[in-house]
Protein chains: 2
Amino acid sequence: MKIINEVVEIDGIDKEILRSLMSDARKPILEIARKVGISGAAIHQRLRKLEESGLIAGSKFMLNPKVLGYSTMAFIGIYLDKAMRNPEAVNQLKEIPEVLECHYTTGNWSILIKMLCKDNEHLMYLLNQKVQTIEGVSRTETFISLNQQIDRQIQL
Amino acid sequence: MKIINEVVEIDGIDKEILRSLMSDARKPILEIARKVGISGAAIHQRLRKLEESGLIAGSKFMLNPKVLGYSTMAFIGIYLDKAMRNPEAVNQLKEIPEVLECHYTTGNWSILIKMLCKDNEHLMYLLNQKVQTIEGVSRTETFISLNQQIDRQIQL
DNA sequence: AATGAAATATCGGCGTT
DNA sequence: AACGCCGATATTTCATT
């Protein structure tokens with residue numbers, strides 16, 4: 001692992017380790033060790049360095065939202081009427097648990113959010129009663145995801 | 001844990017277990033057991049049932065893309081000139097590793113994608129040389145994420 | 001649905017090469 | 001950077017309540 005201009009470059013063994021853990025964060029270190037052909041202690045050492053470099057942001061259990069009844073994903077472009085209110089509007093968006101992402105973006109909108117709802121009725125409720133009531137929100141444009149074909153992380 | 005209309009309802013202990021693992025997938029089961037006050041074996045049993053229910057989609061190591069030099073995220077709305085070509089266009093998008101999400105959406109576009117690039121130059125390259133060259137893609141609209149304020153999973 | 005016990009496997013630090 | 005070693009923990013199964 002080398003660090004060049006604050007950017008980390010990793011070798012093939014690091015890649016194998018990370019690829020294993022990116023697909024299954026609970027895979028035992030020793031299992032990875034056997035697969036890549038070095039000792040568990042060496043994997044440990046490499047993981048410690050990768051953590052110190054900041055490359056590893058953490059590990060997460062992923063849930064299947066559909067099983068909890070959340071089956072409608074939507075992207076919503078938000079127009080704010082006063083740029084000064086942006087930080088406060090974002091704070092209010094944080095209070096809506098269904099908002100999974102929030103980006104300041106170039107282009108038409110001030111903000112683009114991704115929202116996960118149970119169904120269209122729930123989406124309408126969140127739009128009208130939660131998002132549109134935030135001070136500064138003047139208008140929204142909604143794009144419902146009919147079907148998500150790709151969902152992945154950065155590839156190594 | 002109860003299943004009603006194919007939707008899973010979980011109790012408070014399941015929630016505590018899942019919340020723990022959603023924030024750190026490698027947290028030892030026994031540590032969670034001590035925290036919630038039941039035995040490790042019981043946690044195990046619950047996790048097995050949660051897996052069987054399909055609620056647990058897996059676990060992932062998360063990387064910090066900036067440390068790899070990827071610091072520009074963009075959303076791109078894609079117009080396709082013939083609906084028949086959609087599946088093939090999506091296949092081609094899958095071949096672009098920088099495309100992290102791809103949704104069929106309602107609204108202006110046929111497809112909305114999320115793409116992670118090193119910088120603006122890389123974004124331009126991907127747009128002109130990769131995305132725009134896909135057969136059927138007639139036009140794109142790009143929204144660069146200047147700053148991501150929220151990034152989270154569904155909350156329990 | 002939870003428990004304790006028990007066998008097996010892993011974790012993670014240390015000193016060495 | 002990698003290794004073997006090893007005590008402490010964790011995992012996982014099973015009979016029992």
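Everything numeric in this text was worked out from a predicted model, so none of it was measured. In what follows, chains are A, B, ... by sequence order, proteins preceding strands, each numbered from 1.
To the nearest 0.5 Å, atoms NZ (A:Lys60) and CG (B:Leu21) are separated by 12.0 Å. Taking CD from A:Gln45 and CG from A:Leu50, the interatomic distance works out to 11.5 Å, rounded to the nearest 0.5 Å.
A:Lys35 and A:Ser20 share a donor-acceptor pair across their side chains, judged by distance under 3.5 Å alone. Using modelled atom types and a 3.5 Å distance limit, the side chains of B:Asp119 and B:Ser71 yield no donor-acceptor pair. Under 3.5 Å, the side chains of A:Gln149 and A:Asn147 contain a donor-acceptor pair of N or O atoms.
Side-chain heavy atoms closer than 4.5 Å link hydrophobic residues (I, L, V, M, F, W, Y) into clusters, and following such links, even through other members, never connects A:Tyr70 to A:Met62.
In terms of phosphate contacts, A:Arg26 brings a side-chain nitrogen or oxygen within less than 4.0 Å of OP1 or OP2 of D:dT11.
If you measure from atom CG of A:Leu30 to atom P of D:dC5, you get 14 Å, rounded to the nearest angstrom. A straight line from CE of A:Met1 to C1' of D:dA2 spans 16 Å, rounded to a whole angstrom. The distance from atom CG of B:Leu21 to atom P of D:dA10 is 14 Å, rounded to the nearest whole Å. Atom CD1 of A:Ile17 is separated from atom P of D:dA1 by 12 Å (rounded to the nearest Å).
Not a single donor-acceptor pair under 3.5 Å links the side chain of B:Arg139 to the backbone N or O of B:Leu80.
Through direct or indirect side-chain contacts shorter than 4.5 Å among Ile, Leu, Val, Met, Phe, Trp and Tyr, B:Phe75 is connected to A:Phe75, A:Tyr79, A:Trp109, A:Leu112, A:Phe143, B:Tyr79, B:Trp109, B:Leu112, B:Phe143.
Computed from C1' positions of five pairs at each end, the angle between the two local axes of the helix from C:dA1-D:dT17 to C:dT17-D:dA1 equals 30°, rounded to 10 degrees.
The stretch residues 31-54 of chain B touches DNA chain C through B:Ile38, B:Ser39, B:Ala41, B:Ala42, B:Gln45, B:Arg46, B:Lys49, each having a heavy atom within less than 4.0 Å of the strand.
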